[in-house]
Structure formats: C-alpha cells, structure tokens
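Counting starts at 1 for both ligands and their atoms, following the listed order. One is the number of the first residue; the rest follow in order along the sequence.
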Amino acid sequence: MPTIGVLALQGDFEAHQRVLQELGCSAPQVRAAKDLPQLDALVIPGGESTTMLKLLRLEDLLEPLRQFGLAKPIFGTCAGTILLASEVTRPEQESLALMDLTVERNAYGRQVHSQVTRIPYEGGELEAVFIRAPVIRRAGPGVQVLSEFQGTPVLVSEGRHLAATFHPELTADRRVHRLFLDRI
Ligand code: GLN
C-alpha cells in the first residue's frame, strides 16, 4: 500500500490519517520539506487556509509542495481545495495553483456556515459535511466534475489531483478516499 503524507500544520489532519490507516496506507504527518521525498501522495486537510498559508511560508514549504504536486497526486479537502486552486477570491490569496479552479472562500453566506447534506455520486449518494466551505466558481476545461451541489462543483479532479469542498474524512463512507487511492 502507498505512503500518503498528511499535511499537519493546522486543521483536521488526524481524521485523514485515521481514514488512510484504516484503508491500509501508511500516513505520516508532513511538517517540513524533508518529509516529502518518501511519499507517494499527499493530503491537504480542511482547516483555515490563511493560517496554513502563513505556516507554509514560515516553513519554506510552499515551493516544495508546488514541486511535489507537479509530480505526485494531492487530495485537498475544503481549505486544501483552496490551496490547490489557481485563483482564490474573497479575499484574493496566494495558493499552490495546481488545479485550474477559481474558488470563493466562505461562500455559503453567514447563516449557513456549516451543514450536513447528501450529494449525488456514482454508485449512490454521499453524505457531505460542509464547514465554512468554499464554492468552486469556475472549473477549467481540464477539470472533471465528479459531484455538484446547488449547481456548483463540490468534488473535482484534474490530472492526478482530487479536491472536495466538503469533508469526506468526517463521515463513514470511504469512497472518496478510495477514489484517491485508485489514482496513485
Ligand atoms: N473557511 C476555511 C478557509 O477559508 C475553510 C474551512 C474548512 O476547511 N472547513 O480556509
């Protein structure tokens, strides 16, 4: 089974580690550039993308992660999706720009910061937990939309990368993590 690192600077990285270990992977925490060469793939968890960005700069990890993503698969959830996108709005912020996406942060408005709902997915609906989620406002021509909710993409892939605006690591359904494993 592959070794899939989980970026562990901030956010719900432990939940991803548990899922990956349950699926038989080795899932070491990644905190520095020296942790990257041993990995087959990487997960960037949910959390606060601005905080992660700050810590990535502090650790000089932004460019190494970008280089990693040019060669190997990355799966981003929520804040991880914001970091993978080529364009981030509300407000604009730097990102890894590894997927051709425009992502608007905290886009579900004030009343509905968070919700648990069901979204369409191949092989039957998925339970999806949205927590102060971003909305994917634009997906480039190379992006495959795997699921939509309220008319916008919530699960997308492009080349080797996968991104969800919800949190598959917080529900019992393992299909999204399995999908990522299948691509490695
Ligand atoms: N609102 C967060 C951000 O803008 C993302 C929330 C999450 O990862 N659950 O980074």
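When only non-hydrogen protein atoms are considered, atom 1 (N) of ligand 1 lies nearest to Asn106 OD1, 2.7 Å.
Counting heavy atoms under 4.0 Å from ligand 1, residue Arg105 touches it through the side chain alone. Within the 4.0 Å heavy-atom criterion, the part of Ile82 lying near ligand 1 is the side chain and not the backbone. Here Ile131 has heavy atoms under 4.0 Å from ligand 1 in both its backbone and its side chain.
Classification of Arg57 and Glu94 as a salt-bridged pair holds, one side-chain N sitting under 4.0 Å from a carboxylate O. Ion pairing of Arg132 with Glu48 is present here, as a side-chain N (NZ or NE/NH1/NH2) and a carboxylate O approach within less than 4.0 Å. Salt-bridge annotation for Glu22 and Arg174: present, with a side-chain N of the basic residue lying under 4.0 Å from a carboxylate O of the acidic one.
Tested against Asp35, the residues Leu42, Leu7, Leu61, Val30 include a single side chain to side chain contact (heavy atoms under 4.5 Å, CB included) partner, Val30.
Ligand 1 has no nitrogen or oxygen under 3.5 angstrom from a nitrogen or oxygen of Cys78. Inclusion of Thr50 in the set of residues having an N or O under 3.5 Å from an N or O of ligand 1 is not warranted. Considering backbone and side-chain N/O of Thr77, none are found under 3.5 Å from N/O of ligand 1. Taking only nitrogen or oxygen atoms, main chain and side chain alike, Gly47 reaches within less than 3.5 Å of ligand 1.
Counted within 6.0 Å of CD on Gln150, heavy atoms from surrounding residues, nucleotides or ligands total more than 12; the atom is thus considered enclosed.
Short contacts between ligand 1 and Ser49, defined as distances under 4.0 Å to a heavy atom of the residue, involve ligand atoms 3 (C), 4 (O), 10 (O). Counting the atoms of ligand 1 from 1 in the order shown, those under 4.0 Å from a heavy atom of Gly46 are 8 (O). Taking every heavy atom of His167 and a limit of under 4.0 angstrom, the matching atoms of ligand 1 come to 7 (C), 9 (N).
Donor-acceptor pairing under 3.5 Å is lacking for the side chains of Gln93 and Thr50.
Classified by interplanar angle (parallel below 30°, tilted 30° to 60°, perpendicular above 60°), the ring pair Tyr108/Phe149 is tilted.
Hydrophobic clustering (ILVMFWY, side-chain heavy atoms < 4.5 Å, transitive): Leu179 and Val143 are in distinct clusters.
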